[in-house]
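Following: one structure in structure tokens, then a few remarks.
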Amino acid sequence: MAEKRWSPRQLEILEAGGENMEVLAAAGAGKTSVLVEKIFRLISAPDGTDVDRLLVMTFTRAAAAEMRERLAAKIREALDLEPDNKRLLRQQMLLYGAQICTIDSFCQSVLREFYGSVDVDPAFRIGS
């Protein structure tokens with residue numbers, strides 16, 4: 001796995017601590033690559049969090065699918081180097097239940113789960 005060269009701003013994002021993060025940048029600036037790397041660092045650390053404990057929101061379904069695919073590929077590449085890494089094997093398994101989604105699909109899932117608390121018909125539909 002070749003080491004990627006990150007810009008100073010990208011490195012700042014990758015090395016930032018904290019629990020909440022917002023990354024805003026123009027198209028083609030490398031947001032997806034930076035976020036995939038950030039997530040990978042969080043989930044692959046020995047004392048890291050599990051991927052299904054993260055909420056990753058994007059604006060489009062295509063971006064969410066691409067992020068999930070890239071993260072899956074990154075985990076597979078790491079497992080090729082360390083096939084017995086239990087932490088990575090767990091993250092690979094948990095990835096498919098992870099909340100990597102659009103803002104509207106996340107809101108929809110919250111409403112479906114807590115419909116009784118917010119007085120919403122559980123059979124609601126999204127309008128066009």
Side-chain angles (χ1 to χ4, degrees):
M1 182 168 15
E3 188 65 30
K4 175 136 171 85
R5 296 182 70 100
W6 303 105
S7 72
R9 180 66 181 129
Q10 290 171 326
L11 272 174
E12 184 180 330
I13 291 165
L14 291 172
E15 294 169 357
E19 295 192 8
N20 298 309
M21 176 171 284
E22 178 180 19
V23 177
L24 303 169
K31 290 181 300 291
T32 302
S33 295
V34 170
L35 288 173
V36 167
E37 180 67 23
K38 179 74 173 181
I39 294 165
F40 182 77
R41 289 181 182 193
L42 289 170
I43 66 173
S44 63
D47 61 343
T49 190
D50 286 333
V51 69
D52 66 341
R53 304 278 301 156
L54 300 174
L55 171 60
V56 181
M57 288 192 287
T58 67
F59 287 102
T60 67
R61 288 186 186 111
E66 181 180 354
M67 190 169 303
R68 185 182 300 274
E69 289 169 15
R70 285 194 195 185
L71 188 55
K74 188 151 183 77
I75 293 170
R76 277 192 308 273
E77 287 175 16
L79 280 169
D80 285 346
L81 298 174
E82 297 180 72
D84 296 328
N85 185 317
K86 289 181 178 26
R87 176 113 194 108
L88 291 173
L89 289 166
R90 176 174 170 77
Q91 300 317 302
Q92 185 177 49
M93 180 187 69
L94 294 174
L95 179 60
Y96 299 98
Q99 287 275 1
I100 301 174
C101 57
T102 60
I103 294 168
D104 60 308
S105 66
F106 171 71
C107 292
Q108 184 178 358
S109 71
V110 169
L111 287 174
R112 290 209 190 281
E113 185 172 347
F114 299 105
Y115 67 89
S117 300
V118 292
D119 196 30
V120 171
D121 183 346
F124 75 89
R125 294 184 300 169
I126 305 297
S128 60

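- One finds the CD1 atom of Ile13 at 7.5 Å from the OG atom of Ser7 (value rounded to the nearest 0.5 Å).
- Within the 4.5 Å cutoff, side-chain heavy atoms of Ser33 are placed close to those of Lys4.
- For Thr58, the side-chain contact (heavy atoms from CB on, under 4.5 Å) test picks out Ala63, Ala64, Met67, Thr102, with sequence neighbours left out.
- Contacts of Arg61 classified as salt bridge (Lys or Arg N to Asp or Glu O under 4.0 Å), with partners at least two apart in sequence or in another chain: none.
- Here the NZ-CD distance, from Lys31 to Gln10, works out to 10.5 Å after rounding to the nearest 0.5 Å.
- For the pair Ser44 and Leu88, the tightest heavy-atom approach, listed with the atom from each and the gap, is CB-CD2, 3.8 Å.
- How far CG of Leu95 is from CG of Asp52: 9.5 Å, rounded to the nearest 0.5 Å.
- Counting only heavy atoms from C-beta outward, the side chains of Gln99 and Met57 never approach each other to under 4.5 Å.
- Side-chain contact check for Asp121 versus Tyr115: every heavy-atom pair is 4.5 Å or farther apart.
- For Arg90, the salt bridge (Lys or Arg N to Asp or Glu O under 4.0 Å) partners are Asp50, not counting sequence neighbours.
- In the hydrophobic clustering of ILVMFWY residues, with side-chain heavy atoms under 4.5 Å counting as a link, Val36 and Leu11 come out together.
- Across Ile43 and Arg87, no two heavy atoms sit closer than the pair O-NE, 3.0 Å.
- Evaluation of the side-chain contact (heavy atoms from CB on, under 4.5 Å) rule for Gln108 yields Arg112, Phe124, Ile126 as partners, not counting sequence neighbours.
- The main-chain N or O of Ala16 is found under 3.5 Å from a side-chain atom of Lys38 such that the two form a donor-acceptor pair.
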Trace of the salt bridge (charged side-chain N to carboxylate O under 4.0 Å, His left out) decision for Arg9 with Glu12: CA-CA 5 Å; Arg9 180 66 181 129; Glu12 184 180 330; 2.9 Å; yes
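- In the hydrophobic cluster analysis, where Ile, Leu, Val, Met, Phe, Trp and Tyr join through side-chain heavy atoms closer than 4.5 angstrom, Leu55 is grouped together with Phe59.
- Every residue two or more places apart in sequence or in another chain was checked for a salt bridge (Lys or Arg N to Asp or Glu O under 4.0 Å) with Glu69, and none qualifies.
- A chain of hydrophobic side-chain contacts below 4.5 Å, direct or via other Ile, Leu, Val, Met, Phe, Trp or Tyr residues, connects Met93 to Phe40.
- Atoms CD1 and OG1, from Ile39 and Thr32 in turn, are 9.5 Å apart once rounded to the nearest 0.5 Å.
- Under the 3.5 Å distance criterion, the side-chain polar atoms of Ser105 are left unmatched by any main-chain donor or acceptor of Cys101.
- Checked against Val56 for a side-chain contact (heavy atoms from CB on, under 4.5 Å), the options Ile100, Leu35, Val51 give a single hit: Ile100.
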Please assess Leu79 against Gln92 for the test side chain to side chain contact (heavy atoms under 4.5 Å, CB included), listing each intermediate value before the final yes or no. CA-CA 9 Å; Leu79 280 169; Gln92 185 177 49; 3.4 Å; yes
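- Contacts of Arg68 classified as salt bridge (Lys or Arg N to Asp or Glu O under 4.0 Å), with partners at least two apart in sequence or in another chain: none.
- Here Trp6 contributes atom CH2 and Glu15 contributes atom CD; the two are 11.5 Å apart, rounded to the nearest 0.5 Å.
- Leu42 CG to Asp47 CG: the interatomic distance, rounded to the nearest 0.5 Å, is 10.5 Å.
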